[in-house]
Amino acid sequence: FIRKFHTKDMSIESLITHNNKEDLINLLKFITKGCNNICVSGQQGSGKTTMLLNLISFIYPVYPIRVSETCFELNLREKFPNRNICSLQETDEISGQRGLDLLKKTDGLINVIGEVASDEVATQLIQSGKVAARSTLFTHHAKTSEELIKSLRNSLLKTGVFKNEKTAEEQVIQVLNFDIPFLLLSKY
């Protein structure tokens, strides 16, 4: 696969083009430092991963970060070499759930899930947001917050974690503190 990490300036200041850029950046810093569960959503190529990296830079440096990905693309240990970061990747032998169970036994305060793109990862996200960390950050391809909630709810139903649609949706809403629809912030 091809990743497009060729942009020279990937700072949050270059990604946000709104007139209220400074206020928006301060708000993003505030909600990130406040240990909220945050989703950066949007279509492929919109800059979700780049925005997620910027949010991670706002996390207090003393907070240990635990990363779960289906394939390594964040490379947080390289981007933040002086931070306490443990990254795990799902393999054929070790499931994402098993990896999350291991992460729960570490001293991590912040969980990062690179991309929630499957039903199984969605159930791990809800679990992480409920019990595994003080804060969970992730990306998702939903176009709207309503679609994000429905997609995560449907994943919980498909995997059999919940049988009742209303209960599954309530769990998602309890976990999802903020959805940052990246298309609204960016110049793309």
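Side chains included, hydrogens not; waters and symmetry mates left out as well; all remaining heavy atoms used. Start at 1 with the first residue, then count along the sequence.
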Check for a donor-acceptor pair, side chain of [X] on one end and backbone N or O of [Y] on the other, with a separation under 3.5 Å.
X    : Y    : answer
R153 : E170 : no
S151 : E147 : no
N164 : K166 : yes
E69  : L74  : yes
K48  : H141 : no
N37  : T136 : yes
N75  : E78  : no
N111 : S128 : no
N84  : P64  : no

Of all the heavy-atom pairs spanning [X] and [Y], show the shortest one and how long it is.
X    : Y    : value
R77  : S87  : NE-OG, 3.7 Å
L52  : G114 : CD2-O, 4.4 Å
S145 : D179 : OG-OD2, 2.7 Å
L53  : F80  : O-CZ, 3.7 Å
V116 : H140 : O-CD2, 3.3 Å
R98  : I94  : NH1-CD1, 3.4 Å

Exercise for the section: For E22, look at atom CD and say whether over 12 heavy atoms of other residues, nucleotides or ligands are found less than 6.0 Å away. Expected result: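 Not more than 12 within 6.0 Å, no.
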
Handout entry: Residue F58 excluded, over 12 heavy atoms near CZ under 6.0 Å
Key =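 Buried by this count: over 12 neighbours within 6.0 Å.
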
To the closest 0.5 Å, what do you measure between [atom1] ([X]) and [atom2] ([Y])?
X    : Y    : atom1 : atom2 : answer
N20  : N26  : CG    : CG    : 11.0 Å
S155 : L125 : OG    : CG    : 9.5 Å
L157 : K163 : CG    : NZ    : 9.0 Å
F138 : L55  : CZ    : CG    : 12.0 Å
S57  : K79  : OG    : NZ    : 12.0 Å

Handout entry: E13/K21 under salt bridge (charged side-chain N to carboxylate O under 4.0 Å, His left out): CA gap, chis, key distance, verdict
Key = CA-CA 7 Å; E13 290 79 12; K21 178 191 291 197; over 6 Å; no

Verify same cluster id: [X], [Y] (apolar side-chain graph, 4.5 Å):
X    : Y    : value
V67  : Y60  : yes
F162 : I173 : yes
L76  : L109 : yes

Handout entry: Pairs where residues 108-125 contributes a residue and the test salt bridge (charged side-chain N to carboxylate O under 4.0 Å, His left out) is met, not counting sequence neighbours
Key =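 Found D119-K158.
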
Exercise for the section: Check whether the side chains of T159 and T123 place a donor and an acceptor atom closer than 3.5 Å, and report yes or no. Expected result: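 No, no side-chain donor-acceptor contact under 3.5 Å.
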
Answer whether the closest heavy-atom distance between the side chains of [X] and [Y] falls below 4.5 Å.
X    : Y    : answer
K143 : S41  : no
N54  : L28  : no
C35  : Y63  : yes
I31  : N177 : no
I12  : K29  : no
C39  : L176 : yes

Practice task
Please test V112 against I65 for side chain to side chain contact (heavy atoms under 4.5 Å, CB included), starting from the C-alpha separation and ending with a verdict.
Solution key: CA-CA 7 Å; V112 176; I65 299 172; 3.8 Å; yes

Exercise for the section: Report the C-alpha separation of Q127 and V161 in whole Å, then their side-chain angles, then the decisive distance to 0.1 Å, and conclude whether the side chain to side chain contact (heavy atoms under 4.5 Å, CB included) test is met. Expected result: CA-CA 10 Å; Q127 191 178 137; V161 174; over 6 Å; no

